[in-house]
Amino acid sequence: MKPRVRFAPSPTGYLHIGGARTALFNWLYARHTGGTFVLRIEDTDAARNTQEAVEVILHGLRWLGLDWDEGPTSGEGSHPSKGDYGPYFQSERGENYKRRVQELKDKGFAYEHEGAVKFRMQREPILIPDLVVGDVERKLTDREELDPDFVIVRSDGQPVFHFVNVVDDLEMKITHVIRGEDHLSNTAKHIALFRAFGVEPPKYAHIPLILNIDGTKMSKRDKGASLASYQEDGFLAEALNNYLCLLGWSPKDNTEKLSIADVVERFDLPQILRHNARFDFEKLLWLQGEYCRELSNDKFYELGLHALAKSGLDTKSLPADYVKAALETCRGKIKIFSELPAYAGFYFRDDIAYDPELAKKSFVPENKPRLQKLRDAFAAADPFTAGAIEAALKATATELGVKVGVLVHPVRLACTGNPSGPSLYHLLEVLGKEKALARIDRALVNF
RNA sequence: GACCCUAUGGUCUAGCGGUUAGGACACCUCCCUUUCACGGAGGUAGCCCGGGUUCGAUUCCCGGUAGGGUCGCCA
């Protein structure tokens, strides 16, 4: 029988990076085994469930490329979905839950208590066989000793998570439950519930959690906790997927950069690590750089335009060729698109703010005549191409008896405001002679 | 408080009874170079502690410590 796995998020308005990784591992397992990946929305908490909150989840998964075989196709009120085990919204599965509560009552496993319904939990330790952690014997805690039974239906009639989760997994014929380790302790309850229904529980695989870099729990308000923030910052889904795969799973042969297809081929539950991992933004950034450098010109242009537009830079009134050429000088230089406005903003606005530290070093009296001379050399360069610009600069440096750096830094500062950036010669060519000379003239008065 | 999981450089990890403890990110030095980035060559840095078992423990067992998780009419 082919595995059936599921990702069952609650629509809270954002998708946690740990949740995304759980979805990824489920998806990888389904794709690796030729199984089925089910998406189920756990929207029992009606108060905070909105169509937008569901869309956030669907959008996040789609961005990562984690397509689901069964589940919602949109977050609309009508809840369209695909698959034979729907509905895939818990809010629409009330009848199933009612029927299952009655079943437990009939079998003597559930009883009314102060308006709620409680499940008669066994007192003996429960063995949790886990594909990642191994066999875990879960004893009752001291509080549970006092009363091991737990509520499965609230006094307002709403069934609780532990119950609906098990009922849905059972009815959707889920074979493998791959989820965060935070659910390990509660798995005893789930196993007891499955047995009460007279069926064998699915196989469990509890995966380690993702922690902040300082080892603390990554909660909603921590930076980088929301999947959407990575897309907003201009990360590539490929890079994030790759990094997420490496957190808690290892190909065991020192490979770091793997395409998602490679991972699908190699992924399996036994290679999942047992200990929590800290989210290392720097390493993600390195992978991002790797993937960014491989981007096609068109894709780089598209993402670059988006990042510039988002920062309020006007690219529309400039010729497309100019914008394209400008962005091409940034390829292989930036790692993430959120760097772009600061890195290449000088192409798209004339009010250049000079880096104060470099200005102190570069805009000094002895450099004024040098820059003046260089300006004249540039003015004479025709055509104004990178090659001609380089030749003009080098000739001027030789004539002045200084190293090229003496001229390079002041010109770069005058034209871009930054201490570093794209290749100076290429950037000047793109900028064009007119703009370049104007910016040099403007800078000259600051000496 | 009880119960559960985990423990290799700063971080992610390979190794799982005998290794000069391997790789990657980050960091440092040098080279390349118009800056930066890339690339190349080096370098600093690690088996949590204490007991066992064993001829021999990073690797196995026990205890401690630390971190994480769970014990809700939240999910």
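Keep in mind it's a predicted model, so treat the numbers as computed, not measured. Here is how names work: the chains are called A, B, and so on, in the same order as the sequence lines, proteins then strands, and each is numbered from 1.
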Worksheet item: If you look at every strand shown and take non-hydrogen atoms under 4.0 Å, does A/E137 touch a base, only sugar-phosphate, or nothing?
Response: sugar-phosphate
Fill in: Short side-chain N/O contact to B/U13 OP1/OP2 from A/S250, under 4.0 Å
no
Worksheet item: A/R274 has an atom CZ; how far is it from atom P of B/C16, in whole Å?
Response: 14 Å
Worksheet item: Do the side-chain N or O atoms of A/H275 get closer than 4.0 angstrom to the phosphate oxygens (OP1, OP2) of B/C12?
Response: no
Worksheet item: Contact class for A/N186 (heavy atom, under 4.0 Å): base, sugar-phosphate, or nothing?
Response: base
Worksheet entry | A/F235 vs A/F281, ring pair (Phe, Tyr, Trp, His ring centres under 6.0 Å): CA-CA, chis, key distance, verdict | CA-CA 11 Å; A/F235 275 99; A/F281 192 82; 5.7 Å; yes
Worksheet item: Okay, side chain of A/T187, backbone of A/H183: is any donor-acceptor separation there less than 3.5 Å?
Response: yes
Fill in: Donor-acceptor pair, side chain of A/Y97 and main chain of A/D168, under 3.5 angstrom
no
Discussion item. By the 4.0 Å heavy-atom rule, please label A/G248 as base, sugar-phosphate, or nothing.
Written reply: sugar-phosphate
Item to complete: Using whole Å, report how far NZ of A/K252 lies from P of B/U13.
Response: 10 Å
Worksheet entry | Closest nucleotide among B/A75, B/A14, B/U6 to the A/V133 side chain | B/U6
Worksheet entry | Pairing partner of B/C74 (Watson-Crick or G-U wobble, both distances under 3.5 Å) | none
Worksheet item: So what does A/E144 hit on the nucleic acid, given a heavy-atom distance under 4.0 Å: a base, only sugar-phosphate, or nothing?
Response: sugar-phosphate
Item to complete: Please tell me which of the listed nucleotides, B/C3, B/A75, B/A24, lies nearest to the side chain of A/E256?
Response: B/A24
Discussion item. Starting the side chain at C-beta, find the nucleotide from B/G23, B/C73, B/C3 nearest to A/R154.
Written reply: B/C73
Response to the item:
Quick note, A/I213 side chain, CB onward, closest among B/U11, B/C5, B/C73 is B/U11
Item to complete: Kindly say whether A/L258 contributes a backbone atom to a donor-acceptor pair with the side chain of A/D262 at under 3.5 angstrom?
Response: no
Taking only N/O atoms, report every protein-nucleotides 26-37 of chain B pair under 3.5 Å with atom names and distance.
from  : atom 1 : to     : atom 2 : distance (Å)
B/U34 : O4'    : A/Y425 : OH     : 3.4
B/U34 : O2     : A/L424 : N      : 3.2
B/U34 : N3     : A/S423 : OG     : 3.1
B/U34 : O4     : A/S423 : OG     : 2.6
B/U35 : O2'    : A/P419 : O      : 3.2
B/U35 : N1     : A/R412 : NH2    : 3.3
B/U35 : O2     : A/R412 : NH2    : 3.3
B/U35 : O2     : A/G421 : N      : 2.7
B/U35 : O2     : A/G421 : O      : 3.1
B/U35 : N3     : A/R412 : NH2    : 3.2
B/U35 : N3     : A/G421 : O      : 2.7
B/U35 : O4     : A/K333 : NZ     : 3.0
B/U35 : O4     : A/S423 : N      : 3.4
B/C36 : O2     : A/K333 : NZ     : 3.1
B/C36 : N3     : A/K333 : NZ     : 2.3
B/C36 : N4     : A/K333 : NZ     : 3.4
B/A37 : O2'    : A/G332 : O      : 3.4

Worksheet item: Nearest heavy-atom pair of A/P9 and A/L39: which atoms, and what distance?
Response: CD-CD1, 3.7 Å
Worksheet item: How is A/L284 classified with respect to the nucleic acid when contacts are heavy atoms under 4.0 Å: base, sugar-phosphate, or nothing?
Response: nothing
Worksheet item: With both distances under 3.5 Å as the test, what is the Watson-Crick or G-U wobble partner of B/U6?
Response: B/A66
Worksheet item: When we call it a touch if two heavy atoms are under 4.0 Å apart, what does A/K217 touch: a base, just sugar-phosphate, or nothing?
Response: sugar-phosphate
Practice prompt. May I ask you to evaluate whether A/S185 reaches the phosphate of B/C5, defined as a side-chain N or O under 4.0 Å from OP1 or OP2?
Written response: no
Worksheet, complete the sentence: pair_partner(B/C32), Watson-Crick or wobble, both distances < 3.5 Å, evaluates to none
Worksheet item: Taking atom P in both B/A57 and B/C48, what distance in whole Å separates the two?
Response: 16 Å
Worksheet item: Across the strands shown, which category fits A/R143 at heavy-atom distances under 4.0 angstrom: base, sugar-phosphate, nothing?
Response: base
Discussion item. Exactly one of A/I207, A/V177, A/I178, A/L269 should register a side chain to side chain contact (heavy atoms under 4.5 Å, CB included) with A/L131. Which one does?
Written reply: A/L269
Worksheet item: Quick one: does A/M172's side chain get under 4.5 Å of A/R93's, heavy atoms only?
Response: yes
Practice prompt. Take atom C1' in B/G9 and the same atom in B/G43, then report the distance between them in whole Å.
Written response: 14 Å
